[in-house]
Amino acid sequence: MKDIIRYLASLPRRQKQVVLVAMDICVLPFIMWLVYAIRLAKPDVAVMQGLDFWYIHVGVLGVLIFALFGIYSAIVRSFNEDYLLRLSIATFIQIVGLYAIKKLGLAFIPMSIPLMYGFVLFSWMWWSRAVIRYATLRTFVKKQNRKRVAIYGAGLAGQQIAAALNRSDYYLPVCFIDDKTSLQGQSLSGLHIYSAKKALGKLQKFQIEEILLAMPSATRSRKKAIIESFELAQVKIMELPGVTQLVDGQVQVSDIQEVDIIDLLGRDPVPPKAELLEKNIKNKVVMVTGAGGSIGSELCRQIVKHQPKLLVLFEMSEFALYSIDRELQAKEIAVVPVLGSVTNQAKLERIIAEYQVQTVYHAAAYKHVPLVEANPFEGIYNTSIGTARSVDAAVNQGVETFVLISTDKAVRPTNVMGASKRMAELYCQGLASTHPKTQISIVRFGNVLGSSGSVVPLFKKQIAQGGPVTVTHPEVTRYFMTIPEAAQLVIQAGAMGTGGDVFLLDMGEPVKIVDLAKQMIRLSGFRPIDENGLGDIAIQFTGLRPGEKLYEELLIDQESVENTQHSRILKSYEKYYSWQEILTVFDRLNMLGRESAETKPLYTLLNKYVSGFNR
C-alpha cells in the first residue's frame, strides 16, 4: 500500500489532478444513486427520471463546478479554511442546480434529494482529501525522528504553526498550552489544550523536548514570566518572531527561533519622545565618534531614522568603519566615513569645519576592563585625552551639542578603565562651565546586551560547546539594557541637556551574572550541574579579573538626583573641578603618557581626582 501512495505522490502535479478528477467523476453518480436508495430504502431505484444519461451530467457538471472554484488546483496536503469555503460554495451551487432541474421539469427529483446529495457530496470531497492527506503524511514523515513540541498560545499564530509543524519532517506538535480558562480542556486541530500548571506535569509523560512560544504580540515581561514558569522543566524554549515580523500572516517552520535572552533581562521599552529624538538630529549634520563600535553603530542606526542632513562616521578601525558605512549606505541618508583617531584634534577640527557638524555623539573609548588594566597609559590616552581633544575640537568649531557616552564603571571605579571614563566626565564638566555656547552633556549607563564586551555571546558559545560556563564570582552583579533602547535614551538625554549635565539611564533591576548563566543554560534545554553533581553543564567560577568590581553603581552622590521629562532618564548633580584645575591635570596626564614608564605617578593623580579609585 505504501508503494502505491509513494508512486501517486511522486506523479507530476497535472497527473495528480487527472487522478482526482477521474475519481470524482466515478463517485459523484454513485453518490446520487446512494441518496435515492437511502430515501426509498431499496437499491433498485430510478434515478432522475426524465433525464437521459443523468450519470454523465452529474459527474461532468459536478467536476466542472469544483474545478471552477479551484478545488483541484489546491494542494491536498495543505487544505485549510479557504479550501473549506470554496468547497462549500461549489456544493451549494450544485444543490441549487438540482432544485432548478426539478423546477424546470427536466427530471423527477424529490424535494429531499438535493439536500441529501449536497450533504453526502460535501462529506465525500472533504473526507477523501483528508484521508489522502493523512495517508501521505503517515507514509513520508518519520515521526520517531521528529521533535515533540508543546505550543504555548492557541491563537491564530499557534494554529498556523501547528499546521506547519504537522507538515514538517522535524517537529511533531503534541499539545497546546494557553492561559485562557475558556480554552483549557478543549481540543484544537486535534491537539488538547492545557493550562500551564497542568502542562508542566505532563511534559515528561508526553516526552516534550521543546516548548514553542506562539505569542508574537506578548510583552517582554509576559514572556519572562512564562519562561520562568517552566524553569524546572528540562525543555528547550523556542519562539516565533515579533508580530511586526509576521507581515504575511502565514507562520512557517523557518520562523521558529531561539528565545532571545533580552526577553529575560530587558524591560518593555517606554515609547520614545519624538521631539527629543529629532531635536539634535533632524535636518542637522551629526557626527558619531567610535561609529563602528557596539554603541556607536547603534547610535548611527537610530540617527538615520530621524532624517539628519548628513551623518559623519568617525572611526579608528578600518573594518568597523567599512561595516557600518556599508550598512548605512542603503538608508538613503548622506553618510561620510572618516578614518581617524579621536586623539588627533587637528583632524577632528578639520572634519567638523569641513562638514559644518552641529551635533557630536562621542562613543569612542576603550571598554574592556582587563585590557585597559594591563595597558593603563593607552587607556587614559585614548579615553580621557581622546575625549578632551574631541570636546575641545567641538567647542573650537562652534558645535551646538556634544554628548559624551559614559559608563557606570566611572562611579567609584576600582579599575583604570572606569577611572579613564570619570576623568573624561570631569573634563567635559569643567569645560561646560566656561564654554556655554556648546551644550555639553554626559550620559551614563551600564552594560548593553549583545555588545562585544557582553557576557551573553560568550555564554552562548560556551553552552554550545557543552560548557563549562565561566563566571568570575558567584556574587558579581550587573545592570543590563538592550543596545537599541540605550541608543534611543542617549539621544533623548542629550536633547535635554543645558550644559555640564550628567544624565543617568534607568537600567532597571541589577542581575546576578550566575543567575543569567543558569537561565541561559535552561533556555537551551539543559540543566546547570548542581552541588550534587546532577545536571548537564557546569558553571565554573574563575575569580574576579584585575580591577573588576562585584557591583556597579550609576550614582556618585545618591542625594543629588532629579527626574526629567522622560521616565527612564535621571539627572545628577555631581562635584567637578574648575576648568583651570582640570586643564592642569590633563596636561599632567598627557605628559605622563609620553615620558613615564612607571604607573605610580599616574595612579597618584587618579587617586586624587577620581572618587573611589585607590591604588
Side-chain angles (χ1 to χ4, degrees), residues 77-78 80 130-131 133-216 218 222-241 251-260 263-264 463 518-530 534-537:
R77 281 186 291 174
S78 60
N80 52 24
V131 169
R133 178 176 180 268
Y134 177 77
T136 305
L137 289 174
R138 291 275 297 184
T139 301
F140 286 96
V141 176
K142 299 178 180 179
K143 288 195 176 184
Q144 63 270 24
N145 295 329
R146 298 167 75 187
K147 287 185 178 179
R148 298 174 67 83
V149 177
I151 301 172
Y152 202 117
L156 179 59
Q159 295 171 45
Q160 288 181 353
I161 196 62
L165 294 181
N166 268 319
R167 297 191 298 270
S168 78
D169 295 336
Y170 308 105
Y171 297 95
L172 178 66
V174 176
C175 64
F176 281 108
I177 306 170
D178 204 281
D179 301 323
K180 291 182 180 178
T181 53
S182 60
L183 294 177
Q184 293 163 8
Q186 306 296 316
S187 290
L188 184 63
S189 302
L191 304 179
H192 197 76
I193 305 174
Y194 295 97
S195 66
K197 188 175 180 180
K198 282 190 176 180
L200 191 59
K202 294 184 178 291
L203 293 179
Q204 190 170 0
K205 177 184 175 182
F206 293 158
Q207 298 178 320
I208 302 294
E209 297 175 70
E210 292 183 6
I211 294 175
L212 174 60
L213 301 183
M215 305 172 68
R222 180 72 192 110
K223 283 186 184 180
K224 182 178 180 181
I226 293 171
I227 291 167
E228 288 177 347
S229 69
F230 289 98
E231 202 168 66
L232 298 179
Q234 193 177 349
V235 292
K236 188 171 184 179
I237 299 180
M238 307 291 282
E239 69 173 344
L240 292 175
V251 181
Q252 301 176 1
V253 176
S254 59
D255 292 322
I256 298 173
Q257 61 190 24
E258 290 188 1
V259 173
D260 199 325
D263 291 322
L264 295 183
I463 292 169
K518 289 177 181 178
Q519 286 176 321
M520 290 186 66
I521 291 170
R522 292 191 188 103
L523 209 58
S524 301
F526 303 108
R527 289 181 302 165
I529 295 177
D530 58 25
L534 301 175
D536 306 303
I537 293 180

Please report the shortest heavy-atom distance between [X] and [Y], naming the atom on each side.
X	Y	answer
Ile208	Val174	CD1-CB, 3.6 Å
Gly158	Ala214	CA-CB, 3.7 Å
Pro173	Ile151	CB-CD1, 4.0 Å
Ala196	Tyr152	CB-OH, 3.7 Å
Ala154	Phe176	CA-CD2, 4.0 Å
Leu191	Cys175	CB-CA, 4.1 Å

Gap between atom [atom2] of [Y] and atom [atom1] of [X] - 0.5 Å precision:
X	Y	atom1	atom2	result
Gln186	His192	CD	NE2	8.0 Å
Met238	Leu213	CE	CG	10.0 Å
Glu209	Arg148	CD	CZ	8.5 Å
Lys518	Arg527	NZ	CZ	13.5 Å
Leu212	Ile161	CG	CD1	6.0 Å
Ile463	Asp536	CD1	CG	11.0 Å

Original post:
Under the side-chain contact (heavy atoms from CB on, under 4.5 Å) criterion, do Ile226 and Ile237 qualify, and how do the steps go?
Top reply: CA-CA 10 Å; Ile226 293 171; Ile237 299 180; over 6 Å; no
Subject >> Partners passing side chain to side chain contact (heavy atoms under 4.5 Å, CB included) against Ala163 (at least two apart in sequence or in another chain) >> reply: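 Listed in chain order: Arg167.
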Subject >> From CA spacing to verdict: side-chain contact (heavy atoms from CB on, under 4.5 Å), Leu203, Phe230 >> reply: CA-CA 10 Å; Leu203 293 179; Phe230 289 98; 3.9 Å; yes
Subject >> Residue pairs, two or more places apart or on separate chains, that pass salt bridge (Lys or Arg N to Asp or Glu O under 4.0 Å) and touch residues 177-199 >> reply: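 Passing the test, one end in residues 177-199: Asp179-Arg222.
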Subject >> Worked verdict on Met215 versus Glu239 for side-chain contact (heavy atoms from CB on, under 4.5 Å) >> reply: CA-CA 8 Å; Met215 305 172 68; Glu239 69 173 344; over 6 Å; no
Original post:
Taking the side chain as C-beta and beyond, is there a heavy-atom pair between Leu188 and Leu183 under 4.5 Å?
Top reply: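 No, every pair of side-chain atoms sits at 4.5 Å or beyond.
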